[in-house]
Structures are given as C-alpha cells and as structure tokens.
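Note that the coordinates shown come from a computational prediction; the quantities given were computed from them, not determined experimentally.
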Amino acid sequence: MFNINLSIYKESKQYFQLFDILLKDLDVNKEAFLKDIGISPSSYRKARTIEQNIGDKIVEQLCRALGYKKASVEFIEEFEKFFNKIYFNVYYKIYKTYDDDLKTIDKMIEDNYIIKPILRLLKLFLLSNSKTDASKIINENKEKYNDIKNYLFFFNDDLLEIVDILSLAFENKIQEELIMKTYKNSLAYYSLASRLCSDKRYVESLFIAKKAEEVLVREKNYKRLLYLNVKMMHCLNSIHSYQDCYDLAHMQLLTLQSFVDTDYEYNHTTNNLAVCCLPLKKYKYISDLLLGKKHISLTELCCLLVAKYKL
C-alpha cells in the first residue's frame with residue numbers, strides 16, 4: 001500500500017532546492033543577499049549538495065530572513081501522518097473529516113511554514129477530490145496548480161506522483177509519458193484511466209483500468225472500484241462491447257443491492273483490527289478507532305483499556 005514518505009524533509013539539503021527558487025523570485029543577487037544575512041555562499045553551495053551539520057543552521061537563518069517558520073523534525077513526523085491520513089481518506093472516499101482537514105491545512109499555510117509548497121499541494125489534492133463539480137474545481141484552482149509546478153524540484157518522488165495525479169485533471173493534454181509510467185500510487189492509475197475515458201481514448205482507458213482494478217481489489221478499496229467500474233462500463237459501451245458491459249453492470253448492480261446492512265461486517269472488522277493492533281503497539285490507532293464507536297464489544301473494551309494504559 002502506498003505511503004507518502006517525507007523523511008527527506010527532516011534533513012536540511014532538500015530545502016536548498018526551495019531557497020534557490022525563493023531567492024530567484026526575490027530578484028536579488030543571491031551571493032550578496034547571503035553575505036548580508038551572515039551566510040557564506042560557499043557554505044550554502046556545499047550544504048545544497050551534501051547533507052552537512054551547518055545546513056540546519058543555514059536553513060534556520062534563511063527562514064528567519066525570509067519570514068518563514070522552520071519545520072522541526074517532530075513537525076515533519078506529525079505532518080507525514082496527517083498527509084497520509086488525507087491521502088487514504090481521498091483514496092477510499094471517506095469525507096468525515098474533510099472540512100476539518102481543510103481548516104488544518106489553511107492554518108499551517110497561514111503560519112507560514114517553510115514547507116508551504118507541500119501544504120498548497122496537499123490542499124489542492126484535497127480540493128480536487130471534493131464532492132463539488134470537477135470542472136468548477138479546475139476552473140477555480142488552475143492558477144494554484146500552475147503555482148505548484150514552480151516547486152517541482154523541491155518535491156520528492158512521492159509528492160511528484162501527487163502532482164502527476166493533479167496534472168491529469170488540470171492539464172489540457174495528457175503528457176504521453178504519464179501513460180507508460182509505472183506508479184507506486186494506485187490512485188494514479190485510477191486517475192489516468194478516468195482521464196483517458198474523458199478524452200475518449202477508450203481502449204487505453206480500459207487497459208489502465210485493469211491495472212487500477214488489480215490494486216483496488218488487493219487493497220480492498222471497493223468503493224473506488226465501483227467508480228472505476230462505471231468508467232469501464234462507459235468505455236465498453238463506447239467501443240460496442242455490449243456483452244462485456246452487461247456482465248460488469250449486472251454484477252455491480254447485485255453488489256450495490258447487497259450493501260444495505262453492513263453492521264455485522266463493520267463490528268467484527270474493528271474487533272479483529274483492535275486485537276492485532278495490540279502486539280503491533282499501535283495504541284493511538286486503537287484509541288482513535290474505538291473511542292468514536294457508540295457500542296463496543298468486551299474484547300474491544302479490553303483493547304481500549306490496554307491502549308489507554310500504554311499511552
């Protein structure tokens with residue numbers, strides 16, 4: 001399962017890619033500016049190339065000079081968890097904390113953290129997966145997407161895959177290399193299949209959709225699979241594969257009719273999940289999982305008590 005890893009932002013070297021962009025935007029002589037704030041240009045160049053102890057101090061000086069708040073190691077660790085929570089909520093189409101998550105991101109942007117380009121990327125990712133009409137979202141946020149593209153060198157590979165997903169919505173034409181690219185992120189395959197379908201490239205869409213389907217089934221993401229199947233039905237009808245469309249649509253209709261009462265499955269899933277989390281020491285996860293439930297089993301209660309004790 002895809003996880004966004006932000007470990008590189010705990011170190012100093014990656015931030016020099018961002019400072020290069022910020023200093024260029026200031027339209028100042030970089031070397032003169034660095035000297036004015038007490039930074040040796042040669043030290044800047046070395047810290048930009050190789051991770052060094054002095055790099056952290058230089059990042060701190062530049063944050064202070066440019067009016068940004070430095071992101072501590074602890075902040076990056078918590079932010080990585082937050083980013084992944086939003087990613088999985090989007091991927092599994094869970095909207096329970098959507099508005100609160102948006103407010104949290106806006107607050108961090110307002111606080112002017114140095115990772116602001118990543119925060120803007122996350123916000124646009126969240127906005128582009130809202131329940132609002134897609135064309136409206138694209139029209140209202142095109143400028144924000146173009147701004148994010150200025151910081152590609154600052155993003156690591158995991159974040160660049162998020163940019164690729166956004167490009168499938170915001171770019172007028174798909175970059176052909178995106179079709180042949182191998183993604184770690186299964187949402188990218190879903191988004192690519194969807195865009196190809198919209199562009200009436202039905203056979204290519206079906207080919208990519210099969211890749212997405214394989215991962216969605218493996219990751220038990222049945223809700224997004226239902227959406228993918230709708231795209232596949234449209235493609236199959238468009239290429240006159242009516243029998244294949246009938247088979248898929250008929251099976252999906254039966255599946256949808258079965259999703260009426262899932263309390264039994266939900267309760268037994270949380271019960272087993274809580275039990276396996278104990279030996280894995282995922283105590284915070286147990287607490288978050290069970291505290292919101294109206295009714296918990298005796299097993300879950302025991303798991304919750306142990307988790308709270310450990311916490």
Side-chain angles (χ1 to χ4, degrees), residues 1-5 80-98 101 125-126 128-131 158 161-162 164-165 168 182-194 197 205-236 244 247-297 299-300 303-304 307:
M1 188 174 283
F2 179 71
N3 272 280
I4 290 109
N5 188 320
E80 182 181 277
K81 293 175 188 174
F82 178 65
F83 200 126
N84 278 294
K85 186 200 85 166
I86 288 177
Y87 171 79
F88 287 121
N89 280 350
V90 165
Y91 181 47
Y92 284 89
K93 288 188 169 290
I94 301 167
Y95 291 95
K96 288 181 180 177
T97 62
Y98 181 89
D101 290 339
F125 177 65
L126 194 55
S128 64
N129 285 279
S130 72
K131 293 181 178 180
D158 290 350
E161 286 209 4
I162 301 297
D164 284 343
I165 291 171
L168 294 169
T182 300
Y183 297 97
K184 293 188 293 179
N185 176 359
S186 47
L187 185 56
Y189 288 116
Y190 172 91
S191 302
L192 181 56
S194 182
C197 179
S205 176
L206 287 167
F207 175 74
I208 299 297
K210 283 296 178 184
K211 289 186 177 183
E213 180 184 41
E214 182 183 332
V215 184
L216 290 169
V217 171
R218 187 171 69 242
E219 296 180 349
K220 311 294 184 286
N221 193 347
Y222 301 122
K223 187 166 186 180
R224 189 166 285 277
L225 180 60
L226 295 174
Y227 280 76
L228 179 69
N229 285 342
V230 171
K231 299 289 182 184
M232 292 175 72
M233 290 173 210
H234 178 71
C235 290
L236 289 167
D244 289 336
D247 292 340
L248 178 58
H250 180 61
M251 287 187 288
Q252 175 135 318
L253 186 60
L254 292 171
T255 300
L256 288 168
Q257 289 170 346
S258 75
F259 285 166
V260 177
D261 182 6
T262 58
D263 287 348
Y264 173 86
E265 294 87 347
Y266 180 82
N267 288 328
H268 282 269
T269 298
T270 57
N271 194 83
N272 283 286
L273 183 55
V275 170
C276 70
C277 281
L278 278 180
L280 294 173
K281 299 181 180 179
K282 295 181 180 291
Y283 306 122
K284 180 70 165 57
Y285 187 91
I286 293 172
S287 178
D288 292 342
L289 175 71
L290 300 179
L291 279 179
K293 288 188 71 180
K294 289 182 179 178
H295 305 286
I296 63 173
S297 67
T299 300
E300 289 171 329
C303 290
L304 184 58

Between the CD1 atom in Ile286 and the SG atom in Cys303, the distance rounded to the nearest 0.5 Å is 5.5 Å
- Check: Asn89 and Leu126 side chains under 4.5 Å, non-hydrogen atoms: no
Shortest non-hydrogen pair, Asn185 vs Ile165, comes out as ND2-CD1, 3.1 Å
With sequence neighbours left out, the residues meeting salt bridge (charged side-chain N to carboxylate O under 4.0 Å, His left out) with Glu213 are Lys210
Can you confirm whether Tyr92 is buried at OH, in the sense that more than 12 heavy atoms of other residues, nucleotides or ligands lie under 6.0 Å from that atom? yes
Lys282 meets the side chain to side chain donor-acceptor pair (under 3.5 Å) criterion, sequence neighbours left out, with none
The reported gap from CG in Asn229 to OH in Tyr222 (rounded to nearest 0.5 angstrom) is 12.5 Å
Of all heavy-atom pairs linking Gln252 and Leu226, the shortest is NE2-O, 3.0 Å
Under a 3.5 Å cutoff, is there a donor and acceptor pairing between the side chains of Tyr91 and Ser186?
yes
Check: Quick one: are Phe83 and Asp158 in side-chain contact, heavy atoms under 4.5 Å?
Finding: no
One should read off an interatomic distance between His250 NE2 and Thr255 OG1, to the nearest 0.5 angstrom, of 10.0 Å
*Is any side-chain heavy atom of Glu80 less than 4.5 Å from a side-chain heavy atom of Ile4?*
no
| query | Near Tyr227 OH, under 6.0 Å, is it more than 12 heavy atoms from other residues, nucleotides or ligands? | reply | no
Residues passing the salt bridge (charged side-chain N to carboxylate O under 4.0 Å, His left out) test with Glu300, sequence neighbours excluded, are Lys293
The reported gap from CZ in Phe259 to NZ in Lys223 (rounded to nearest 0.5 angstrom) is 10.5 Å
Given the options Tyr189, Tyr183, Tyr87, Phe2 meets ring pair (Phe, Tyr, Trp, His ring centres under 6.0 Å) only with Tyr87
Minimal heavy-atom distance between Ala193 and Ser205, with the atoms involved, is O-OG, 2.7 Å
What I'd like to find out is whether the side chain of Asn129 reaches to under 4.5 Å of the side chain of Tyr98, using heavy atoms alone.
no
Between Leu290 and Ala274 the two heavy atoms that sit nearest each other are CD1-CB, 4.1 Å
Steps toward side chain to side chain contact (heavy atoms under 4.5 Å, CB included) verdict (Tyr190, Ile208): CA-CA 8 Å; Tyr190 172 91; Ile208 299 297; over 6 Å; no
Salt bridge (charged side-chain N to carboxylate O under 4.0 Å, His left out) filter on Lys284, not counting sequence neighbours, yields Asp288
Nearest heavy-atom approach of Leu248 to Met233 is CD2-CG, 3.9 Å
In this structure, CG of Asn271 is separated from OG of Ser297 (nearest 0.5 Å) by 4.0 Å
* Asked: Is any side-chain heavy atom of Asp101 closer than 4.5 Å to a side-chain heavy atom of Lys85?
  -> yes
Residues at least two apart in sequence or cross-chain that pass side chain to side chain donor-acceptor pair (under 3.5 Å) with Lys281, listed by chain then number, are none
Distance col, row Glu161:CD vs Leu187:CG, nearest 0.5 angstrom, shows 10.0 Å
When every non-hydrogen atom of Ser287 is compared with those of Leu304, the smallest separation belongs to CA-CD1, 3.9 Å
Taking the side chain as C-beta and beyond, is there a heavy-atom pair between Phe88 and Asn3 under 4.5 Å?
-> yes
The side chain to side chain donor-acceptor pair (under 3.5 Å) partners of Asn84 (sequence neighbours excluded) come to none
